[in-house]
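Lettering of chains follows the sequences in order, A, B, ..., and the numbering in each one begins at 1.
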Amino acid sequence: MGALRRSHAAASITVASVGEEVVLAGWVQRRRDHGGVIFVDLRDRGGLVQIVFKPDTSPECHERASGLRAEYVILVRGRVQRRSDETVNPKLPTGEVEVLVDEVRVLNRATPPPFAIEDDPDVDESVRMRHRVHDLRRAPLQKALRLRHRLFQAVRASLSDQGFLEIETPMLTRSTPEGARDFLVPSRLQPGSFYALPQSPQIMKQLLMVAGFDRYFQIARCFRDEDQRADRQLEFTQVDLEMAFVGVEEVLACLEELTVRACAESAGIEFPRPFPRISYAEAMARFGSDRPDTRIQLELVDLTDAFERSDFRAFRGVVDSGGIVKCLPIHDAEALSRGQIDRLEAMVKKELGGKGLAWIRVDGNGDWQSPIAKFLSEAERGAIAKRCEARPGSLLFFQADDATRANAILSRLRVDLGRRLGRVDGRDHELLFVVDFPLFEAAEGGELTYVHQPFVAPHEEDLALLDSDPARVRGTHYDVVMDGVELGSGSLRNHRADVQRRIFDVMGYGRKQTEERFGFLLNALESGAPPHGGFAFGLDRWVMVLAGAESLREVIAFPKTQRGQDLLLEAPSEAEDLQLEELSLRVRRPAQ
RNA sequence: GGGACGGUAGUUCAACUGGUUAGAGCACUGGCCUGUCACGCCAGAAGUUGCGGGUUCGAGUCCCGUCCGUCCCGCCA
């Protein structure tokens, strides 16, 4: 580099700096060589500015500039000049000026990039992942990671200001059989034993409460060895927090304070307070989802009772076996063609495991066009028409299935169609709390199991139900939902060992099993545990929503593919025999 | 574990019912060009058609298997 040092960022060159001498450093975005004058777009971490090489200004620079190629790393010294009116580029923030170069140094050459470094490159994602360094040079990823940084800083500032202490917990920890599949780390010193990477710092933070830290937080990496999705990575980052001597209201107030400040400081988005609250039951009833996007102005209608004595077997059978019949009415739906309806039905069957997609279209004369109308009684037609407020132009989609699937399918249709048809209110973003989740749900074997995690405290007034009717016990669980994405969840925890034991009982854990797995936690609770509760945000998802991205891979510097590979490092990889030997491991390779 | 879509040059795509030497844009290389900004013009180089097997006189194309990417179900909170 010699003695020359960068004086300005590309984006900071404006008409105000005309006449100044500047030193810029960055990458060659593009070279436009006219034989005489040569233009180069210089890109650095903040932006782009045009630099100019003229044969009569500096023949040596001009000569060197003709050898520049995309992604070469260069350092230039030159003078900022205003562009003539005809040559101003309105597409560039720095388009009114340019830098006339009289010294250039090539700090490094570069192989041709595998794809163009531009905002919207037309390449397969696997190519981007394999060449992640080039990918990360693109403005959208630069922006996303800057947003991520600002969110981290704002979260830390808010929680620190609210009296929280940042405390780290171990990454090498113990496997617990609940929840997701663990990542295991073999122990060299204890042959045959394994650490587990944390799925979350849940138990550790409860222990910190028992230890008297009162308010704890951590930006913690978590690991879950499950199949991935656009919004799920094997490893991800949580803002984990816990507070003692609080009830639900204090936690929610803290979360409001945190999210409002963090969204404002990182993304400039303001939210009104208090946040709307919706119960789990209401969310499922109206939107078919426990993470509703209520900006979409379509709601579900329950028709189960109207088909209790129906002659329409497809619906009646479902109701008889405990299922539900629900409808998604869409008014003024003339834009949806028959072909589109058929495609929706195919998606429901193939992708979502639905039985089908019954529908009724009310035409301009008020007549019902529908494959199922002829099976419906007068009373049923009346009930449908009334509750769905059917009118000419209405299109009604039905699901008759067990509650979980019917809601899942209609919720998906609601979101897809609501967006496609523009049935949204004017808000760019929405934050809300979902509260009053049930504590237990029926598992496959008919037994009860926890809905979220086994440490959620029941509602105080439902404590008695733990013995009489546990399925009806409400938990103190709450979710924060932003734009239909679950940002995170939390609860009050069981600080009384007897309540925690009772909950393990209900889930059918034996006494011995309980002591073996959770003895240390129960002992801690018995040692003087204060009432406590907390929350954990999925930080990657939070950034994703703020960035308007479709996938976590757009907000994580080095993400993994759906099969859990890092295409850049080619991880995971096989271990050396020596490594395996030290760990007392033998690998059984699948048969040829 | 299951379903859907995709895999041909560095990259994005094309190649009819199986039929000459697998083409094109961008990128790349060389040349020309003093006001472009997706610069332009001329020329050139560039391929294990993901991999393996099969059918066939002949396979990018058909069949079987397998690997990889994305989305979804299951799983996961």
Side-chain angles (χ1 to χ4, degrees), chain A residues 29-42 48-57 62 66 69-71 81 83-92 94-95 98 100 111-131 134 178-182 199-200 202 222-234 236 238 290-291 346-354 404-405 408-409 412 416 434 437 444 450-453 456 477 479 481 485-491 536-538 541 550-551 553 560-563 565 567 570 590 592:
Chain A
Q29 175 73 21
R30 191 167 266 120
R31 179 180 112 265
R32 291 178 293 278
D33 187 342
H34 289 245
V37 66
I38 297 173
F39 301 99
V40 167
D41 291 332
L42 179 82
L48 210 67
V49 70
Q50 174 167 281
I51 60 179
V52 190
F53 300 82
K54 284 184 170 172
D56 38 8
T57 309
H62 181 264
S66 63
R69 295 292 181 270
E71 301 309 305
Q81 60 186 28
R83 297 200 198 181
S84 67
D85 288 347
E86 328 74 81
T87 60
V88 163
N89 182 355
K91 287 187 231 160
L92 265 189
T94 59
E98 62 193 9
L100 183 60
T111 49
F115 53 89
I117 311 301
E118 57 195 19
D119 287 5
D120 195 13
D122 188 15
V123 290
D124 193 82
E125 195 172 349
S126 62
V127 176
R128 292 176 46 203
M129 289 303 163
R130 217 167 19 252
H131 304 278
H134 290 96
E178 281 63 38
R181 194 175 294 113
D182 283 317
Q199 297 182 19
S200 82
Q202 178 62 35
C222 305
F223 304 85
R224 292 176 190 166
D225 189 5
E226 297 292 346
D227 287 359
Q228 310 196 76
R229 291 284 188 283
D231 62 350
R232 271 162 38 191
Q233 283 270 310
L234 293 179
F236 59 100
Q238 281 188 349
D290 62 357
R291 48 179 177 89
M347 181 198 68
V348 164
K349 281 196 199 160
K350 251 193 280 185
E351 275 187 52
L352 305 177
T404 307
R405 185 178 291 150
I409 290 169
R412 167 78 172 264
D416 285 1
V434 180
F437 285 80
E444 293 95 71
Y450 55 86
V451 174
H452 293 94
Q453 34 127 314
V456 176
H477 185 97
D479 279 357
V481 174
V485 175
E486 183 199 311
L487 283 193
S489 56
S491 70
F537 287 93
R541 277 190 193 171
E550 296 290 320
S551 155
R553 298 184 299 276
K560 294 184 176 41
T561 66
Q562 191 157 49
R563 295 201 68 253
Q565 283 187 296
L567 295 181
E570 298 186 313
Q592 292 287 331

Checklist entry - What does A/Gln50 touch in the nucleic acid at a heavy-atom separation under 4.0 angstrom: a base, only the sugar-phosphate, or nothing? => result base

Checklist entry - Does a side-chain N or O from A/Arg32 land closer than 4.0 Å to OP1 or OP2 of B/rC39, or not? => result yes

Next on the checklist: Looking at B/rC73, I'd like to know if its phosphate oxygens (OP1 or OP2) sit under 4.0 Å from a side-chain N or O belonging to A/Lys349.
Outcome noted: no

Next on the checklist: Is any side-chain heavy atom of A/Gln50 closer than 4.5 Å to one of A/Arg32?
Outcome noted: yes

Item to check | Side-chain donor/acceptor contact of A/Arg130 with base of B/rG10 under 3.5 Å | outcome: no

Checklist entry - If we take the C1' atom in both B/rC28 and B/rA46, what is their distance in whole Å? => result 9 Å

Item to check | Rounded C1' spacing from B/rG69 to B/rG50 in Å | outcome: 11 Å

Checklist entry - Checking A/Ser200 side chain against A/Cys222 main chain: does a donor-acceptor pair fall under 3.5 Å? => result no

Item to check | Parallel, tilted or perpendicular: rings of A/His452 and A/His477 (30°, 60°) | outcome: parallel

Checklist entry - Can a side chain N or O of A/Ser126 be found less than 4.0 Å away from OP1 or OP2 on B/rC68? => result no

Item to check | A/Phe236 and A/Arg541: CA distance, side-chain angles, deciding distance, side chain to side chain contact (heavy atoms under 4.5 Å, CB included) verdict | outcome: CA-CA 9 Å; A/Phe236 59 100; A/Arg541 277 190 193 171; over 6 Å; no

Checklist entry - What distance, rounded to whole Å, do you find between the two P atoms, one in B/rA24 and one in B/rA14? => result 16 Å

Checklist entry - Which whole-number value in Å describes the distance from A/Leu352 CG to B/rC75 C1'? => result 16 Å

Next on the checklist: Whole angstroms only, please: what is the CG-C1' distance between A/Leu48 and B/rU36?
Outcome noted: 14 Å

Checklist entry - If the P atom of B/rU17 is compared with that of B/rG54, how far apart are they to the nearest Å? => result 27 Å

Checklist entry - Between B/rA77, B/rG35, B/rC71, which nucleotide gets closest to the side-chain atoms of A/Gln562? => result B/rC71

Checklist entry - side chain to side chain contact (heavy atoms under 4.5 Å, CB included) between A/Val485 and A/Asp231: does it pass, once the steps are laid out? => result CA-CA 9 Å; A/Val485 175; A/Asp231 62 350; 5.8 Å; no

Item to check | 5' priority, RNA chain B, between A/His477 and A/Asn89 [closest heavy atom] | outcome: A/Asn89

Checklist entry - Taking any strand in view, what nucleotide pairs with B/rC71 in a Watson-Crick or G-U wobble way, both distances under 3.5 Å? => result B/rG3

Checklist outcome for this item: Across every strand shown, the nucleotide meeting Watson-Crick or G-U wobble geometry with B/rC26 (both distances under 3.5 Å) is B/rG10

Checklist entry - Within the structure shown, what part of the strands sits under 4.0 Å from A/Arg83 by heavy-atom distance: base, sugar-phosphate, or nothing? => result base

Next on the checklist: At 4.0 Å (heavy atoms only), tell me whether A/Ser489 reaches a base, stays on the sugar-phosphate, or touches nothing.
Outcome noted: sugar-phosphate

Next on the checklist: Taking any heavy-atom pair under 4.0 Å as a contact, classify A/Phe39: base, sugar-phosphate, or nothing.
Outcome noted: base

Checklist entry - Which nucleotides of nucleotides 24-34 of chain B have their base under 4.0 Å from a protein heavy atom (B), which only their sugar-phosphate (S), and which neither (-), written as one string 5' to 3'? => result -----SS--BB

Checklist entry - Looking for any heavy atom pair under 4.0 Å, which part of the strands does A/Glu550 touch: base, sugar-phosphate only, or nothing? => result nothing

Item to check | Separation of atom CD in A/Glu570 from atom P in B/rG69, rounded to whole Å | outcome: 12 Å

Item to check | pair A/Arg31-A/Ile38: side-chain heavy atoms closer than 4.5 Å | outcome: yes

Item to check | Any strand: nucleotide that pairs with B/rA15 via Watson-Crick or wobble, under 3.5 Å | outcome: none

Checklist outcome for this item: Which of B/rC75, B/rC72, B/rG69 is nearest the side chain of A/Gln565? It is B/rG69

Checklist outcome for this item: Any strand, both distances under 3.5 Å, Watson-Crick or G-U wobble: B/rU36 pairs with none

Item to check | Rounded distance in Å between the C1' positions of B/rU8 and B/rG47 | outcome: 8 Å

Checklist entry - Whole-Å distance between B/rU36 P and A/Leu92 CG? => result 15 Å

Next on the checklist: Can you say whether a donor on the side chain of A/Arg232 sits under 3.5 Å from an acceptor on the base of B/rC76, or the other way round?
Outcome noted: yes

Checklist entry - What nucleotide, of B/rA38, B/rU12, B/rG74, holds the atom closest to the side chain of A/Asp124? => result B/rU12

Checklist entry - Is B/rU56 paired to anything, Watson-Crick or G-U wobble with both distances less than 3.5 Å, and if yes, which nucleotide? => result none

Next on the checklist: What is the distance, to the nearest angstrom, from the CD1 atom on A/Ile117 to the C1' atom on B/rU11?
Outcome noted: 12 Å

Checklist entry - Which part of the nucleic acid, if any, lies within reach of A/Arg553 when heavy atoms closer than 4.0 Å are counted: base, sugar-phosphate only, or nothing? => result sugar-phosphate

Checklist entry - Ignoring hydrogens and angles, are the base of B/rG35 and the side chain of A/Glu98 linked by a donor-acceptor pair under 3.5 Å? => result yes

Checklist outcome for this item: From CG of A/Asp231 across to P of B/rA77 the rounded distance in Å is 13 Å

Checklist entry - Between the side chain of A/Asp124 and the main-chain N/O of A/Ser126, is any donor-acceptor distance below 3.5 Å? => result yes

Item to check | Mate of B/rG65 where both pairing distances stay under 3.5 Å, Watson-Crick or G-U | outcome: B/rC51

Checklist entry - If you pin A/Lys560 and A/Asp290 to their nearest nucleotides in RNA chain B, which one's is more 5'? => result A/Lys560

Checklist entry - Just by modelled atom types, is the A/Asp41 backbone N or O under 3.5 Å from a matching donor or acceptor in the A/Arg30 side chain? => result no

Checklist entry - Say you pick atom C1' in B/rC39 and the same atom in B/rG23; how far apart are they, in whole Å? => result 27 Å

Checklist entry - When you check the side-chain N and O atoms of A/Gln565 and A/Glu570, is any donor under 3.5 Å from an acceptor? => result no

Checklist entry - Above 12 or not: heavy atoms from other molecules or residues under 6.0 Å from CZ of A/Arg128? => result yes

Item to check | N or O in side chain of A/Arg563 less than 4.0 angstrom from B/rC68 OP1/OP2 | outcome: yes

Next on the checklist: Say we look at B/rA27 and B/rU12: how far apart would their P atoms be, to the nearest angstrom?
Outcome noted: 15 Å

Checklist entry - Looking for any heavy atom pair under 4.0 Å, which part of the strands does A/Asp122 touch: base, sugar-phosphate only, or nothing? => result sugar-phosphate

Item to check | Separation of B/rG35 C1' from A/Phe53 CZ (nearest whole Å) | outcome: 15 Å

Item to check | A/Asp182 and A/Asp225: CA distance, side-chain angles, deciding distance, side chain to side chain contact (heavy atoms under 4.5 Å, CB included) verdict | outcome: CA-CA 6 Å; A/Asp182 283 317; A/Asp225 189 5; over 6 Å; no

Next on the checklist: Suppose you measure atom P in B/rG53 against the same atom in B/rA15; what distance do you get, rounded to whole Å?
Outcome noted: 27 Å

Checklist outcome for this item: note: A/Met347, atom CE; B/rC5, atom C1'; distance rounded to Å ~ 15 Å

